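Quick note on labels: first sequence line is chain A, next is B, and so on, each numbered from 1. As the structure is a prediction and not an experimental result, all values here were calculated from the model.
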Amino acid sequence: MASMKSMRQWLALWVLSAIVFGEAAAASPDLVIPKAVGDTVQLRIPSFARGLDVDTLVQRLSIFVSDDKPCCENKLAISGQYKLKNHFLIFKPDFPFQEGQNYIVHTGMPPGDAPENYRALEFTQTVFVITRTIALPKAGVAGIFPSGDALPENTLRFYIYFTTPMKPQVALQHIKLVGEDGVADTRAFMRFKQELWSPDRKRLTLLLDPGRIKRNVATNLELGPALVAGKQYQLIVSSGWETAMGEALPQDFVKNFAVSDALRTLPDPQDWQIFAPKLGSREPLTIHFDRPYDQALLRRLISVNNSDDEEILGGVSLGDHETAWVFMPDQSWAAKNIYLHINGSLEDVAGNNFRDLLDHTVDQGSKDITNVRLPILLN
Amino acid sequence: MNSFSKLLQVLAVSSLSLMANHVIAADIKYAGALEIGPDGTLFVGDNIGGAIYAFTLPARTAPEKPTAINVANIDVRIAEVLGVGANAVEINDMAVHPVSQEVYISVTRSVGANAQPAIVRVDSGGTLQNIKLDALQATSQELSNFPDNSPSLQARGIAGPPMVKDLVKAEMPMSMLAIMDIEFHNDELFVSGISNEEFSSTLRRIPFPFNGKQGETSVKIFHIAHDQYETRAPIRSMLVKNIDGKDQLIAAYTCSPVVLIPLDKITDGAKITGNTIADMGNGQPIDMVSFNMQGHEFLFITNNSRSPQVISVAGLQGATAVLDTDFKRGMKFDLGPDIPYGPVGETIMFTGSSLQIDLLNEKYFVSLTRDTKTGSLDLESNFTFFPNRLHNLIAESDFPGVPTPER
């Protein structure tokens with residue numbers, strides 16, 4: 001009989017799928033749920049439904065992100081691709097299922113929704129989660145630059161380092177500049193369509209509005225400059241800001257600082273003190289600056305070259321709150337003549353670079369400097 | 001399955017594999033600023049890879065008549081479709097396809113330490129669809145001179161080539177350019193951006209189709225409200241219009257001058273001064289959208305801390321450029337006599353905060369709006385001539401006992 005033959009075929013396929021999908025148990029489950037990142041969800045299609053095409057069958061299988069709200073009437077299903085293979089409907093999400101996230105698998109349709117003359121697949125809800133193998137770092141602020149406790153009135157930029165990526169687009173609800181009177185200045189920072197995160201999403205760049213900088217002005221209505229010399233301020237990253245994975249910062253992170261006069265002279269290596277190392281040694285090459293420079297730019301805009309203009313490799317560390325730059329060579333110093341190669345885009349903490357000050361009231365020309373090349377003689 | 005459908009299936013599969021030979025898998029690392037050309041090419045700014053991608057979108061038809069698209073809690077809906085919690089989704093930009101009138105939204109999807117770019121399309125029925133970027137034909141243009149990741153960031157070994165542990169220890173590049181606005185005009189792209197490290201702002205001009213060439217121009221402006229010359233201020237939003245007989249870039253800057261830059265001055269390596277013709281006042285412009293009303297052209301400029309500005313393009317004709325010599329010294333505030341300055345049109349009512357806006361069709365804007373009452377982020381369509389949702393407004397006739405006015 002035809003049905004006996006198809007019964008045997010069905011059994012064979014059933015065994016085959018059990019092997020193919022790695023199920024150790026004797027019975028193949030109707031629903032295979034992911035156990036690792038990259039796994040798919042697989043729903044066995046019973047024989048009565050096997051005549052149906054993929055487009056009809058996909059309505060029977062949906063996966064949702066699970067949260068504390070009831071599922072799933074007002075939610076959209078996770079986007080992915082469906083295919084039929086060996087009587088399994090396989091769902092592969094567009095982005096892999098991730099560790100530590102709860103998901104809900106919906107199968108079948110409630111009997112009331114089934115079309116006529118058609119037996120509904122069983123309607124089930126199954127929750128799954130892929131166990132975390134990588135622990136998440138604890139939420140926290142790792143540090144803020146400029147790191148000094150005295151900053152100029154026209155400080156342009158802060159870098160805030162976090163231990164883990166943070167929830168985006170709420171930064172300015174959780175970062176405050178607070179004056180001596182305890183009042184938060186909510187207009188101190190520039191807001192762009194996109195927040196200025198680093199590629200690893202753990203460092204936020206905050207720009208103070210250059211328009212809020214005090215100049216020698218006849219009138220100074222209401223709003224005033226964001227930072228005033230002689231006063232004390234706090235930059236506060238407040239608790240409650242959630243990470244991208246939903247953990248809230250447990251406490252406020254406070255940076256206290258005093259404000260000194262504005263920096264309005266062009267950076268110039270003539271104002272630097274350079275301590276040359278001894279020839280043949282692995283002593284560091286050290287520069288003491290006349291002012292704090294931008295922490296991120298110091299790490300990449302100064303290099304050390306030999307007289308053939310090849311870079312001498314080594315490690316850079318910053319000291320004294322970004323007023324010192326220390327270079328430790330990988331190998332001993334081999335030649336007497338070395339050159340400091342400084343990119344003219346290097347900025348101090350007020351945004352002044354080698355070409356021009358950040359702003360000027362009168363139309364001043366810029367210096368035409370791409371790079372500065374400073375010869376240094378080893379001892 | 002009968003033999004006819006089997007044949008169809010075979011044909012479908014073989015044509016797919018033919019297409020596969022022409023598909024370029026996009027190596028895009030970030031989906032930021034969006035611009036859709038008149039033929040439907042989707043331009044995407046990749047801040048991390050430092051490039052502009054051009055995707056060929058499959059052809060789609062326009063709706064029969066101008067339709068409004070409204071999706072409440074769009075950020076939550078996008079997160080659901082992308083399979084993550086709402087905290088893990090950052091919306092970067094939004095653009096409307098000029099032919100199909102569908103909305104494209106670029107997103108960063110964070111998962112632990114990693115993030116993936118995503119683009120979600122909302123169709124005229126309000127259905128969300130994740131766009132599989134690696135299934136689209138794409139070309140790309142790397143942006144020159146950025147980031148300046150000098151060799152000191154590369155891994156190195158103590159004696160000899162770097163070993164695996166040295167590669168792991170190597171610093172990850174931290175700098176990137178946030179591409180803020182991309183404007184397509186006459187087979188060219190104008191690109192503005194701001195670095196997350198050095199405070200610099202180059203205006204780039206790139207021909208399309210990409211041929212490897214690009215130009216960089218430095219623009220200095222006199223900023224009226226700040227009372228200072230700025231050589232590195234970032235352009236927040238821009239459009240090209242024909243003003244005083246030539247094509248000019250209209251650029252909106254922070255706090256917030258309106259500057260005209262003739263296209264013929266935007267050449268590679270040039271350091272030019274833009275023509276400041278107006279200042280809208282304090283606050284930070286977000287988007288600049290061109291629309292028509294009663295046969296006239298207008299600009300609709302949103303701002304993150306004030307109501308939108310509607311500027312007549314005709315009013316920009318013959319506008320005078322100003323410099324520091326035209327003003328007394330001192331920062332200018334909204335309450336002072338100088339601000340707003342120039343042909344800035346009118347400030348209009350807009351309920352809620354628009355984070356992203358574009359023209360949907362001849363009747364509607366579509367906006368990602370933060371609702372002031374509920375805090376939700378909604379994709380909402382508003383009439384261009386009165387961009388407000390009625391549910392946000394209270395009128396006399398909402399009170400019990402007051403009759404609804406007859407019309």
Distance in Å, [X] [atom1] paired with [Y] [atom2], rounded so as to fall on 0.5 Å steps:
X: Asp75(B); Y: Gln169(A); atom1: CG; atom2: CD; value: 9.0 Å
X: Thr254(B); Y: Leu207(A); atom1: OG1; atom2: CG; value: 9.5 Å
X: Arg203(A); Y: Met176(B); atom1: CZ; atom2: CE; value: 8.5 Å
X: Glu80(B); Y: Ile63(A); atom1: CD; atom2: CD1; value: 14.0 Å
X: Ile78(B); Y: Leu76(A); atom1: CD1; atom2: CG; value: 10.0 Å
X: Ser79(A); Y: Gln129(B); atom1: OG; atom2: CD; value: 5.5 Å

Does any backbone or side-chain atom of [X] lie under 4.5 Å from a heavy atom of chain B? Answer side chain, backbone, both or neither.
X: Phe97(A); answer: neither
X: Thr243(A); answer: backbone
X: Gln81(A); answer: side chain
X: Phe327(A); answer: neither

So, for [X] and [Y], which heavy atoms are closest and what is the spacing to 0.1 Å?
X: Ala244(A); Y: Ser110(B); result: CB-CB, 3.8 Å
X: Leu196(A); Y: Ala178(B); result: CD2-CB, 3.6 Å
X: Glu347(A); Y: Phe199(B); result: OE2-N, 2.6 Å
X: Gln194(A); Y: Asn47(B); result: OE1-ND2, 2.8 Å

Salt-bridge contact Lys193(A)-Asp181(B) (side-chain N to carboxylate O under 4.0 Å) = no

Pair Glu197(B) + Arg157(A): basic N to acidic O under 4.0 Å |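 No salt bridge links Glu197(B) with Arg157(A).
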
N/O donor-acceptor pair under 3.5 Å between Gln284(B) side chain and Phe192(A) backbone =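 Such a contact is absent between Gln284(B) side chain and Phe192(A) backbone.
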
Main-chain N/O of Asn196(B) paired with Thr205(A) side-chain donor or acceptor, under 3.5 Å | yes

Heavy-atom proximity to chain A below 4.5 Å, by part of [X]:
X: Thr108(B); answer: side chain
X: Val89(B); answer: backbone
X: Arg77(B); answer: both
X: Pro285(B); answer: neither

Without hydrogens or angle criteria, can the side chains of Glu242(A) and Asn87(B) be said to hold a donor-acceptor pair below 3.5 Å?
->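 Present: a donor and an acceptor within the cut-off.
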
Apply the side-chain contact (heavy atoms from CB on, under 4.5 Å) test between Glu198(B) and each candidate in Leu297(A), Asn353(A), Asp294(A); give the one that qualifies.
->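 Looking at Leu297(A), Asn353(A), Asp294(A), the match for Glu198(B) under the side-chain contact (heavy atoms from CB on, under 4.5 Å) is Leu297(A).
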
Side chains of Trp197(A) and Met174(B) in contact at under 4.5 Å (non-hydrogen atoms) = no

Test item: Gln98(A) and Val84(B) side chains (from C-beta on) under 4.5 Å apart, heavy atoms =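 Of all side-chain heavy-atom pairs linking Val84(B) with Gln98(A), at least one is under 4.5 Å.
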
Partner residues of Asp209(A) under the salt bridge (Lys or Arg N to Asp or Glu O under 4.0 Å) criterion, sequence neighbours left out =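 Scan of Asp209(A) (salt bridge (Lys or Arg N to Asp or Glu O under 4.0 Å), adjacent residues dropped) gives none.
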
Side chain to side chain contact (heavy atoms under 4.5 Å, CB included) assessment of Val76(B) paired with Lys75(A) = CA-CA 9 Å; Val76(B) 177; Lys75(A) 291 177 96 128; over 6 Å; no

Under 6.0 Å from the NZ atom of Lys132(B), do we count more than 12 heavy atoms belonging to anything else shown?
-> yes

